Participant: 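One structure, pasted below without further comment.
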Amino acid sequence: MSETAVKAPGVPDANRWKALTFIALAQLMVVLDATIVNIALPSAQQDLGISDGNRQWVITAYALAFGGLLLFGGRIADLWGRKRTFVAGLIGFAGASALGGAATNEAMMLGARALQGAFGALLAPAALSLLAVMFTEPKERAKAFGIYGAIAGGGGAVGFILGGLLTEYLDWRWTFFVNIPFAVVAAAGAYFVIREPAGSRNRSPLDIPGVVLSILGLVTLVYAFTRAESDGWGDSTTVGLFVASVVLLAAFVLVESKVKAPLLPLRVITERNRGGVYLSLGLAIIAMFGLFLFLTYYLQLVLGYSPVKTGLAFLPMIGGMMVGSTQIGTRLMTRVPPRLLMAPGFLVAAVGMLFLTQLEIGTSYASVILPGMVLLGLGMGTAFMPAMSLSTHGVEPRDSGVASAMVNTSQQVGGAIGTALLNTIAASATTAYIKDHIGGAGSQAQQQLVQLEGQVHGYTNAIWFAVGILVLAATIAATFINTGRPESGVVAGSGEGSEDELRVPVIAH
């Protein structure tokens, strides 16, 4: 093994913890942006004259660019250098945010959102792969990924709080402008502090057919789910988009199995531990994103909470995630196999969801919502941390960018599926409830009550599905993930060499 294949445990990068601060800041900005705009959307729509039919594109333009370009962004990080890609992504994201905040019409807003998504797709995999190559000692790696996992899991909920505060007390434009100081500080810090390990780039020529097929396939898939939410699952265009996405992604897999230097080496996803992480994490995100949506609607439309109060109501879940990730997950990660954190974590989150299936019109926040949120946060935080660390388990360093992109892709596609699938389930249950009960409502007040009850019935129906999805995620984590706890030594994925070289006996099977 060459000297640069695995960095010696005795000489870690002296600035690695400072670097983590800036990487975490950038990750927080990207995750925040996925939800912060939701709160500001009604105000932005009114100011810019965006029609009801087109308002979804403020969210969809970002999701399509981000989800579609993630694998390409991960490969660029491996080819161009993770630090350089990370800083470029931050600068671009700041510029796109400035454009969004200054938007004067619909086209300018949608263009800014697509640019944010594109630069986010550069930034996110570069951030995670930098952690993978900088933190190689198991206990330190556990702490670093604990912090990163807490941010990845809780950042979306923080977005609701910040979005509510900025929209209510300043202006919707600040939900964009707030990204600029985040990006500038993170880019400056990264430029001066991050030192990428030598010899870990993948300088193979770019797989152009793979790039084109992956972008078209992922964009089509994400768009199919957003169409399903607005136009229904049986709509001919929706069905056509799903068929096209399957064909494009199947062609992508075929191309990747044949070309010499694939965009996504199939070894990255066929290794059972990484495959189990991508699949179980994607399912968990489906459940969690759906819950964010319903709980926001429930708190504002049924309980009458303001945007700020709604955001603050999510704080216990964020606290639970921080404890689960930085305390439970980090402390146990070097002592027990990852599946014994991930599977129970998802099950604890499912118990939290079970509390929320009991929602009614007059449900007490303290007795039902609060314990549900705390358990959900604890479970997700505990599961997310080992999942993030395991997403680059055993990969060649030159593949760490694309492996990191895969975990981001599973989250992004999971979020799109969760919003569309669970929203459709909720809407169908609400319609059926109102149809069955509206006949017995004589007065207008009684009819309004039935409609509210129907909404809550829809939410709880969808949350029951989310419970089942989390149980499935736990089952997959327990079945697929069979690696043992990390032993003392350097974790694979810290230098350049063959995959066999890097699977040093650091992982106990």
Side-chain angles (χ1 to χ4, degrees), residues 27 74 124-125 127-153 264-265 267-285 324-326 328-347 349 379-397 399-411 414 473-494 499 502-509:
Q27 173 66 8
L128 186 56
S129 60
L130 276 170
L131 284 193
V133 297
M134 290 176 75
F135 289 90
T136 56
E137 194 277 319
K139 286 190 177 179
E140 288 196 347
R141 188 177 173 93
K143 287 179 186 175
F145 278 93
I147 294 165
Y148 188 89
I151 289 169
L264 174 63
R267 61 180 177 269
V268 170
I269 53 173
T270 53
E271 198 272 330
R272 65 182 293 163
N273 291 286
R274 290 193 297 271
V277 165
Y278 302 145
L279 193 54
S280 62
L281 198 59
L283 286 167
I285 293 290
S325 189
T326 62
I328 301 171
T330 300
R331 291 174 188 276
L332 294 180
M333 187 179 164
T334 54
R335 300 179 186 180
V336 300
R339 68 179 178 275
L340 297 185
L341 287 174
M342 287 181 66
F346 289 140
L347 289 176
M380 287 295 200
T382 301
F384 266 40
M385 193 278 297
M388 289 293 175
S389 180
L390 212 55
S391 65
T392 52
H393 161 75
V395 295
E396 298 182 47
D399 291 338
S400 65
V402 78
S404 302
M406 268 306 301
V407 76
N408 281 288
T409 301
S410 69
Q411 288 178 285
T475 306
I476 288 169
T479 307
F480 279 62
I481 297 169
N482 66 352
T483 183
R485 66 180 179 83
E487 294 175 354
S488 59
V490 181
V491 175
S494 56
E499 190 168 20
L502 286 160
R503 289 176 192 241
V504 289
V506 173
I507 305 296
H509 289 275

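From a predicted model like this one, the values you see are computed outputs, not experimental measurements.
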Participant: Please enumerate all residues that pass side chain to side chain contact (heavy atoms under 4.5 Å, CB included) together with Ile328, with sequence neighbours excluded.
Facilitator: Leu332, Leu378, Thr382
Participant: Taking all non-hydrogen atoms of both residues, which atom of Ala387 and which atom of Val277 are closest, and how far apart?
Facilitator: O-CG1, 3.4 Å
Participant: Do Asn273 side-chain atoms and Asn482 backbone N/O form a donor-acceptor pair below 3.5 Å?
Facilitator: yes
Participant: I need the minimum non-hydrogen distance between Ala343 and Ala477, along with the two atoms involved.
Facilitator: N-CB, 4.1 Å
Participant: Minimum heavy-atom separation for Ala478 and Arg339, please, with both atom names.
Facilitator: O-CD, 3.8 Å
Participant: Can you tell if the side chain of Ile476 reaches within under 4.5 Å of the side chain of Tyr278, non-hydrogen atoms only?
Facilitator: no
Participant: Sequence neighbours left out, what passes side chain to side chain contact (heavy atoms under 4.5 Å, CB included) with Thr479? Give chain and number order.
Facilitator: Thr475
Participant: Rounded at 0.5 Å granularity, tell me how far CZ in Arg274 sits from OG1 in Thr483.
Facilitator: 11.0 Å
Participant: Which residues satisfy the side-chain hydrogen bond (donor to acceptor under 3.5 Å, both in side chains) test with Arg272, sequence neighbours excluded?
Facilitator: none
Participant: Measure the spacing between CE of Met380 and CD1 of Ile285 and express it to the nearest 0.5 Å.
Facilitator: 6.5 Å
Participant: Under a 4.5 Å cut-off applied to non-hydrogen side-chain atoms, are Phe346 and Ser280 in contact?
Facilitator: yes
Participant: Just to verify, which of Ile481, Leu341, Leu340 counts as forming a side-chain contact (heavy atoms from CB on, under 4.5 Å) with Pro386?
Facilitator: Leu341
Participant: Please report the shortest heavy-atom distance between Ala284 and Ala473, naming the atom on each side.
Facilitator: N-CB, 4.3 Å
